[in-house]
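Throughout, numbering of the chain's residues begins at 1 and tracks the sequence.
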Amino acid sequence: LRLAVAASAVAAAVASATVRVAFAAASLDLALSSTAVAFPLAAAAVGFALSATSLAFALAAASLGLAVAATSFRLALTAAFLRLAVAASAVAAAVASATVRVAFAAASLDLALSSTAVAFPLAAAAVG
């Protein structure tokens with residue numbers, strides 16, 4: 001009976017050790033599997049982060065390009081409006097100058113006619 005109990009205890013210890021070794025191997029296998037999955041996931045996450053960063057930089061560069069283009073367009077519009085204003089001022093000055101010349105010519109003609117109107121009676125009086 002003692003031998004049977006001892007043999008049973010040895011068998012239970014061997015079975016327990018076998019279960020422990022099998023459990024440890026399964027745990028190690030699971031740990032290695034999860035590590036093997038974790039590394040590609042981490043690499044994918046890093047790749048995604050790098051892609052997102054590249055996209056963010058590209059979008060920022062595009063936004064900056066649009067801002068520069070908009071500023072250039074505004075400057076071009078401002079220059080065009082300035083040219084139009086200068087041209088309008090030049091036209092207004094030319095019109096004003098022509099108006100002054102016409103008014104001066106009319107005043108000169110009026111003065112000439114007035115002096116002629118005075119001159120003819122004086123000449124007639126002198127002849128008379």
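- Among residues at least two apart or in separate chains, side chain to side chain donor-acceptor pair (under 3.5 Å) pairs with a member in residues 3-26 are S16-R20.
- With a 4.5 Å cut-off between side-chain heavy atoms of Ile, Leu, Val, Met, Phe, Trp and Tyr, the cluster of L3 takes in none.
- Each side chain to side chain donor-acceptor pair (under 3.5 Å) pair with one or both residues in residues 51-80, not counting sequence neighbours, would appear here, but there are none.
- Here the CG atom belonging to L66 is positioned 10.5 Å from the CG atom belonging to L59, to the nearest 0.5 angstrom.
- Here the CG-CG distance, from L77 to L84, works out to 10.5 Å after rounding to the nearest 0.5 Å.
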